[in-house]
Amino acid sequence: MSDAPAAAPRYAGELTTHDIGKTVLLRGWVHRRRDLGALLFIDLRDRTGLAQIVFDQAQSPGLHQKATELRSEYVVAVQGHVVGRSPATANPNLPTGAVEVVATSLDILNDARTPPFPLNIETGAESVISEETRLKYRYLDLRRPVMQQNLRLRHNVTIAIRRAFDAQGFLEVETPFMTRSTPEGARDYLVPSRVQPGSFYALPQSPQLFKQLLMIGGCDRYFQIVRCFRDEDLRADRHPEFTQIDVEMSFPDQEQLFQIIERMLSDACRAAGFEITLPFPRLSWEEAMLRYGTDKPDLRLPPLTDVATLVPEDAARQLQLQPDAPLLAVRIPGVGALSRRERDELRPLAEGRPVRLFEDFARIEKSYPALARAIREKLTAQDGDLIVLLAPAPAAHSSTDRFALHTQASTLRLALAQRFAERHHLLDRKDFRFLWVTSFPMFEWNAEASRWSSAHHPFTSPLPEDVAFLSTDPGRARAQAYDVVLNGIELGSGSIRIHRRELQAEIFRLLGMDDDEARARFGFFLDALEYGTPPHGGIALGLDRLVMLLAGADSIREVVAFPKTARAIDLMVSAPTPVDPTQLTPLGIALL
RNA sequence: GGGGACGUAGUUCAGUUGGUUAGAACGCCGGCCUGUCACGUCGGAGGUCGCGGGUUCGAGCCCCGUCGUCCCCGCCA
């Protein structure tokens with residue numbers, strides 16, 4: 001290249017017919033080589049895409065000879081002329097397929113071992129190679145176009161979120177990673193202190209108390225895109241270190257906060273190329289449980305419908321339905337009646353559960369045509385919709401859980417939809433259906449510890465009209481807590497907080513913490529509440545989950561650059577590792 | 001903590017009822033080829049069947065243990 005005149009560096013994927021006649025410099029990796037003997041084609045790949053380079057022995061034998069050394073993933077700098085391709089040689093499948101670069105110089109910047117897995121397979125690439133191999137060589141996996149796109153998408157979404165908050169007057173403030181263990185909720189990751197042997201920092205599960213302290217500190221609108229850490233078992237949508245969009249504001253109005261978040265999410269979706277409609281539907285927790293059997297409903301599917309009142313008395317007797325018990329109809333659009341075999345597959349879902357399944361709606365239509373018609377009407381069912389009914393088993397006692405049947409129906413609703421999603425184009429990944437779920441219960445009964453525990457967290461304010469229940473019937477108290485849900489996935493969770501010291505102390509007592517314990521754990525916070533704490537509230541949203549859904553990915557790991565396995569291991573760097581005892585001694589730590 | 005699926009060539013997989021020398025495709029290496037674009041074509045190399053033990057005349061296949069990956073339940077204020 002030294003003897004070639006300097007040309008303007010360009011990205012391969014951005015070449016168009018407008019560049020014809022220009023001399024360009026491309027730098028990137030050898031994606032694929034097609035050696036036709038005296039004619040050799042290279043697909044050069046950079047982070048934008050591919051461009052075809054031509055080496056012609058007849059025109060420049062030396063250069064062609066050098067190009068025969070090229071192998072997959074060699075790093076090259078190529079100068080050449082952009083030329084148009086004839087219709088016969090253009091490649092309509094490639095964005096840059098109308099042009100190619102006739103090389104005038106070739107610099108081999110580095111060679112490469114043959115990659116342990118192909119980086120240049122065009123279709124279904126993400127599913128073809130085992131994740132184990134991909135993670136071990138993540139730096140190679142990241143070169144693949146689909147991963148480049150995911151990183152780019154995450155960047156675009158993150159920038160849009162920052163802009164949206166900035167435009168609303170929110171201040172991004174960093175909070176400590178090395179903080180105090182609060183053995184409430186998830187397990188903490190601990191960091192030993194060398195200066196204070198025997199003492200430990202904890203990595204934050206969330207900056208919850210810090211953001212509340214920022215409100216007390218007068219920053220009335222705060223946000224942070226921040227890493228959080230939870231030492232709990234992993235799932236496809238859960239990672240031990242994950243990124244939250246953390247938000248808090250003073251003098252909050254729940255509706256105003258919803259609008260701010262909706263606008264931010266709308267901007268984030270637009271950055272990913274999707275327009276969503278505002279405002280999101282709002283559903284109380286109770287409504288969500290009754291209509292969907294879950295606190296994170298997937299609105300891409302129709303709700304559950306209680307059709308018990310449609311059943312005439314004699315039919316109810318023949319079908320052995322319990323009086324006053326719900327009869328829940330699950331409708332899955334467009335799936336059609338199930339085959340015998342598919343119905344057989346459903347039955348295990350009911351086995352061992354106090355549930356009766358009517359999986360063959362055709363039989364109901366035969367025996368009770370009027371009832372079937374009424375049900376279809378109430379469900380606004382179309383021909384070809386699958387309808388399955390659930391009732392409590394005849395012997396079942398009314399459960400303590402008033403939504404037990406709804407929960408079962410919800411599980412069935414999702415299982416059916418997922419089973420037939422592909423065949424019938426259900427659960428469209430590009431259909432983004434957000435909603436707010438509000439008024440969660442304050443407490444859940446923790447049978448193991450035989451005490452109440454917070455459904456959200458202990459800093460959550462009760463609904464004003466339910467404060468009286470705190471002393472009389474905590475199970476009935478509802479919270480000013482809300483979730484934002486997207487396509488059946490909990491995207492974010494927040495609440496209006498407690499800003500009065502007395503109420504906060506009462507909640508701690510209700511959670512079984514006496515005043516001494518509360519002071520020992522949260523004394524700094526209780527103190528702070530006494531110095532003029534403004535009313536405040538906020539929310540935290542999972543950035544990884546949002547980007548995962550916008551990317552159409554099935555796992556959070558597809559949008560995390562360097563993720564860990566289900567056992568929280570980094571296969572690439574092999575972490576965690578044992579450490580040398582000489583590292584432990586100064587920390588005052590000995591292994592058992 | 002519990003349940004399920006999986007582990008065979010560099011990669012993705014097949015491998016029958018336990019039977020002789022463990023196969024395919026892609027990739028890799030070499031030859032030929034001037035319009036390919038998943039180039040074609042001819043030839044070649046490549047295996048600790050995750051690991052350990054057991055049953056058996058004989059184990060990739062059966063049994064036990066173990067390690068690893070994925071999914072789900074519990075858990076995740």
Side-chain angles (χ1 to χ4, degrees), chain A residues 31-44 50-59 64 68 71-73 83 85-94 96-97 100 102 112-125 127-137 140 182-188 205-206 208-209 228-240 242 411 414-415 418 440 442-444 446 448-449 452-460 479 481 490 493 495 507-508 511 513 521-522 540 542 554-555 557 563-569 571 574:
Chain A
H31 188 67
R32 200 182 281 281
R33 175 181 64 134
R34 288 179 296 280
D35 184 354
L36 276 64
L39 193 61
L40 186 122
F41 299 98
I42 296 292
D43 288 339
L44 184 146
L50 302 177
Q52 175 166 279
I53 317 289
V54 192
F55 295 93
D56 189 337
Q57 190 175 46
Q59 286 180 32
H64 173 271
T68 60
R71 294 294 183 271
S72 285
E73 300 309 311
V83 301
R85 298 206 218 170
S86 70
T89 62
N91 182 359
N93 300 320
L94 194 67
T96 61
E100 63 190 7
V102 178
R113 287 169 63 182
T114 301
F117 56 91
L119 308 185
N120 54 11
I121 44 180
E122 265 77 19
T123 54
S127 59
V128 170
I129 308 298
S130 80
E131 200 174 353
E132 199 172 350
T133 308
R134 291 174 53 201
L135 290 182
K136 184 172 177 190
Y137 300 96
L140 295 178
T182 53
E184 189 85 12
R187 267 183 293 269
D188 288 322
Q205 302 170 24
S206 99
Q208 180 61 36
L209 288 175
C228 299
F229 306 86
R230 291 180 189 173
D231 186 5
E232 295 293 342
D233 287 348
L234 286 77
R235 289 277 197 290
D237 63 353
R238 268 196 247 159
H239 206 240
F242 61 102
T411 306
L414 281 181
Q418 274 157 13
F440 277 75
M442 276 291 280
F443 306 106
E444 287 159 356
N446 183 337
E448 214 172 295
W452 294 103
S453 55
S454 296
H456 182 52
H457 58 52
F459 314 105
T460 301
E490 179 195 317
S493 204
S495 62
I507 297 294
F508 281 149
L511 295 172
M513 238 185 280
R521 284 208 212 165
F522 298 110
D554 287 322
S555 159
R557 296 183 297 272
K564 295 179 172 54
T565 70
R567 288 186 62 248
I569 290 167
L571 291 175
S574 296

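When reading the values below, keep in mind they use all heavy atoms of this one structure, side chains included, and skip hydrogens, waters and symmetry mates. A note on names: the letters A, B, ... follow the listed sequences, proteins ahead of strands, and every chain is numbered from 1.
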For the base of B:U36 and the side-chain ring of A:Phe41, does the geometry meet a stacking cutoff of under 5.5 Å between centres and under 30° between planes? yes
Rounding to a whole Å, what distance do you find between A:Gln52:CD and B:A38:P? 10 Å
Residue-phosphate contact under 4.0 Å: A:Arg85 side-chain N/O, B:U36 OP1/OP2: no
Distance, P atom - from B:G53 to B:G15, rounded to whole angstrom: 27 Å
So which protein N/O to nucleotides 39-42 of chain B N/O distances come out below 3.5 Å?
from, atom 1, to, atom 2, distance (Å)
B:C39, OP1, A:Arg32, NH1, 3.2
B:C39, OP2, A:Arg32, NE, 3.2
B:C39, OP2, A:Arg34, NH1, 3.2
B:C39, N4, A:Asp35, O, 2.3

Quick one: sort the A:Phe522 and A:Phe508 rings into parallel, tilted or perpendicular, breaks at 30° and 60°. parallel
Students often get this wrong, so: under 4.0 angstrom with heavy atoms, is A:Arg71 touching a base, only sugar-phosphate, or nothing? sugar-phosphate
Taking atom P of B:C76 as reference, at what distance in whole Å does atom CG of A:Asp188 sit? 13 Å
Partner set under ring-ring contact (aromatic ring centres under 6.0 Å, His included) for A:Phe117, not counting sequence neighbours: none
Please confirm whether the backbone N or O of A:Leu50 pairs with a side-chain atom of A:Thr96, one donor and one acceptor, at under 3.5 Å? yes
So does A:Ser130 get a side-chain nitrogen or oxygen closer than 4.0 Å to the phosphate oxygens (OP1/OP2) of B:G7? no
Is A:Ala479 touching bases, backbone alone, or none of the nucleic acid, heavy atoms closer than 4.0 Å? nothing
Going by side chain to side chain contact (heavy atoms under 4.5 Å, CB included), name the residues that satisfy it together with A:Asp554, two or more places apart in sequence or in a different chain. A:Arg429
Just to be sure I understand the rule, does A:Glu100 reach a base, reach only the sugar-phosphate, or reach nothing, if contact means heavy atoms closer than 4.0 Å? base
Let me know the distance between CG of A:Asn120 and P of B:G10, rounded to the nearest Å. 18 Å
Length of the CG-P vector between A:Asp233 and B:G3, whole Å: 14 Å
Checking A:Asn91 against A:Gln52: is there a side-chain donor and acceptor pair closer than 3.5 Å? no
What is the distance from CD1 of A:Ile42 to C1' of B:A38, rounded to the nearest Å? 15 Å
Evaluate the criterion salt bridge (Lys or Arg N to Asp or Glu O under 4.0 Å) for residue pair A:Arg230 and A:Asp188; output intermediate values, then yes/no. CA-CA 6 Å; A:Arg230 291 180 189 173; A:Asp188 288 322; over 6 Å; no
Roughly how many Å is it from CG in A:Asp231 to C1' in B:C76, rounded to a whole number? 11 Å
For A:Leu209 and A:Asp554, take the nucleotide of RNA chain B holding the closest heavy atom to each; which residue's nucleotide lies nearer the 5' end? A:Asp554
With the threshold set at 4.0 Å, does a side-chain nitrogen-carboxylate oxygen contact exist between A:Glu131 and A:Arg557? yes
Among residues at least two apart in sequence or on other chains, which ones pass side chain to side chain contact (heavy atoms under 4.5 Å, CB included) with A:Asp56? A:Leu39, A:Ala58, A:Gln59
Regarding A:Pro116, tell me which of base, sugar-phosphate or nothing describes its non-hydrogen contacts under 4.0 Å with the strands shown. sugar-phosphate
Between the protein and nucleotides 68-70 of chain B, which nitrogen or oxygen pairs are less than 3.5 angstrom apart?
from, atom 1, to, atom 2, distance (Å)
B:G68, OP1, A:Arg567, NH1, 2.9
B:G68, OP2, A:Arg567, NH1, 3.3
B:G68, O2', A:Glu132, OE2, 2.8
B:U69, OP1, A:Thr565, OG1, 3.0
B:U69, O4', A:Glu132, OE1, 3.2
B:C70, OP1, A:Ala566, N, 3.2
B:C70, OP2, A:Ala566, N, 2.8
B:C70, O3', A:Arg557, NH2, 3.1

Go through the structure and list residues passing salt bridge (Lys or Arg N to Asp or Glu O under 4.0 Å) with A:Arg85, not counting sequence neighbours. A:Glu100
Distance-only donor-acceptor test, A:Arg235 side-chain atoms vs B:G74 base atoms, 3.5 Å: yes
For atom CD of A:Glu232 and atom C1' of B:G1, their distance in whole Å: 12 Å
Whether A:Asp233 and A:Arg567 form a salt bridge (side-chain N of Lys/Arg under 4.0 Å from carboxylate O of Asp/Glu) is what I want to check. no
Out of B:U34, B:C28, B:U11, minimum distance to the side chain of A:Phe117 belongs to B:U11
Heavy atoms under 4.0 Å, any strand shown: does A:Asp56 hit a base, just sugar-phosphate, or nothing? base
So A:Ala186, base contact, sugar-phosphate only, or nothing? Heavy-atom distance under 4.0 Å. sugar-phosphate
How long is the line joining CZ of A:Arg134 and C1' of B:U12, in whole Å? 14 Å
Looking at the base of B:C76, is there any donor atom on it, or on the side chain of A:Arg230, that sits under 3.5 Å from an acceptor on the other one? no
Contact class for A:Gln57 (heavy atom, under 4.0 Å): base, sugar-phosphate, or nothing? nothing
